[in-house]
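First the structure, in the form of structure tokens, and then the observations on it.
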2 protein chains.
Amino acid sequence: MRIGELARRAGTTTRALRYYESRGLLPARRGGNGYRAYDEEDLRLLRQIRVLQDFGFELEETRPFVECLRAGHPAGDSCPASLEVYRAKLAELDAMVARLSEVREVLAGQLAQAEAARDALAGAGPGEPRCELVRTEE
Amino acid sequence: MRIGELARRAGTTTRALRYYESRGLLPARRGGNGYRAYDEEDLRLLRQIRVLQDFGFELEETRPFVECLRAGHPAGDSCPASLEVYRAKLAELDAMVARLSEVREVLAGQLAQAEAARDALAGAGPGEPRCELVRTEE
DNA sequence: GCTGGCGTTGACGTCGGGGTGAAGGTCTAG
DNA sequence: CTAGACCTTCACCCCGACGTCAACGCCAGC
């Protein structure tokens, strides 16, 4: 299979495949004419890359999975290195979710206060005391 | 107060202040010598910008808050436009948290399965059936 | 044998946001 | 007088994951 077919079958582009090869992620055999030659196994590796990319993995992070498959293991995550990447990614996701959730709560509080202040003003006299947003040194 | 002092007091750089001015976010009066002249109110506006940036707001998104303060309102979020930005930001954060959490769960499941498969292999015979990760068209 | 469609390489562009850096000049504080 | 702060403009950076040429080779069908 040549590069165009593989790209089509994997739903990516020839440019991406050449890029992966340039990164050493998905090297290709070469035919006598210099054309890249791929097989079904490469399609599998490529699919592994794309799945992980969809999960937000960087290309480098997919490398252990790809190498694991290439080493003949049944799945990309059958190797310890892949599990380590899973764990690192989980920790990263947890940290992001925690940070975003915290900001979310602060913002929700600010919105509620601002709306209350507005309504109080619209209703009658001075309302609840407002707490101004202030930078906290970390 | 000149640009250097304001930058120092707000914990930012003169370059950033000139940049904000170029975006029309924090225009400065000019002295006879062409130097930018700022006052305490500008420091307040600047602090508002920095607080929101720390929350992940883009510069453009801080504009309603800054203009609200400049219009003489007690707080940056005393204006409807600011509240709208709060709401948009909350929706954005909720969407991000949802997406990340979903990925997190899938990944946690994959990790658990992969570890189980490894342990089963280490222990005895074939273990639980593995479900391979496959791209789902959206 | 010509056209069109594939393939090759390498160099450079893109995106986005929030700036930074350098050059070259002016102004001011001590 | 001189160091340092200020002025302007233009270019450049960061990051990853490609995209976009340019300029060429290879091959099938008509």
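The analysis underlying the following values was restricted to heavy atoms, covering all of them including side chains, and did not include hydrogens, waters or symmetry mates. In this text the structure is predicted, and so the values were computed from the model without any measurement. Here is the naming used below: chain letters follow the sequence lines, and residue numbers restart at 1 for every chain.
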side-chain N/O Q53(B) vs dG19(C) OP1/OP2, d < 4.0 Å: yes

Residues R118(A) and D77(B) bridged, charged N to O under 4.0 Å: no

Salt-bridge present (R8(A), E5(A); N to O < 4.0 Å): no

Qualifying side chain to side chain donor-acceptor pair (under 3.5 Å) pairs with a residue from residues 95-105 of chain A, counting only residues at least two apart or across chains: R104(A)-D94(B)

Nucleotide nearest T13(B) (side chain, heavy atoms from C-beta), chosen from dT20(C), dC27(C), dG7(C): dT20(C)

Sugar-phosphate only, base, or nothing, as touched by R30(A) at under 4.0 Å among non-hydrogen atoms: sugar-phosphate

Verdict with reasoning, M1(B) to R9(B), per side chain to side chain contact (heavy atoms under 4.5 Å, CB included): CA-CA 10 Å; M1(B) 164 173 29; R9(B) 289 180 61 186; 3.7 Å; yes

Polar contact flag, side-chain donor to acceptor under 3.5 angstrom, R18(B)-S22(B): no

Contacts of E58(B) that satisfy salt bridge (Lys or Arg N to Asp or Glu O under 4.0 Å) - sequence neighbours left out: none

ILVMFWY cluster, L93(B) and V51(B) together (side-chain gap under 4.5 Å): yes

For E84(A), all residues meeting side-chain hydrogen bond (donor to acceptor under 3.5 Å, both in side chains), sequence neighbours excluded: R87(A)

Of residues 14-24 of chain B, the positions that come close to DNA chain D - non-hydrogen atoms, cut-off under 4.0 Å: R18(B)

Along DNA chain C (nearest heavy atom to each residue), the more 5'-positioned of Y35(B) and N33(A): N33(A)

Euclidean distance, atom CG of residue D54(B) to atom P of dG18(C) [Å, nearest integer]: 12 Å

Check: Y86(A) ring centre within less than 6.0 Å of F55(A) ring centre: no

Presence of salt bridge, R30(B) and E21(B), under 4.0 angstrom: yes

Contact residues, residues 56-65 of chain A to DNA chain D [heavy atom, < 4.0 Å]: E58(A), L59(A)

Segment of DNA chain D, first to last nucleotide, that comes within the 4.0 Å heavy-atom reach of chain B: dA5(D) to dT8(D)

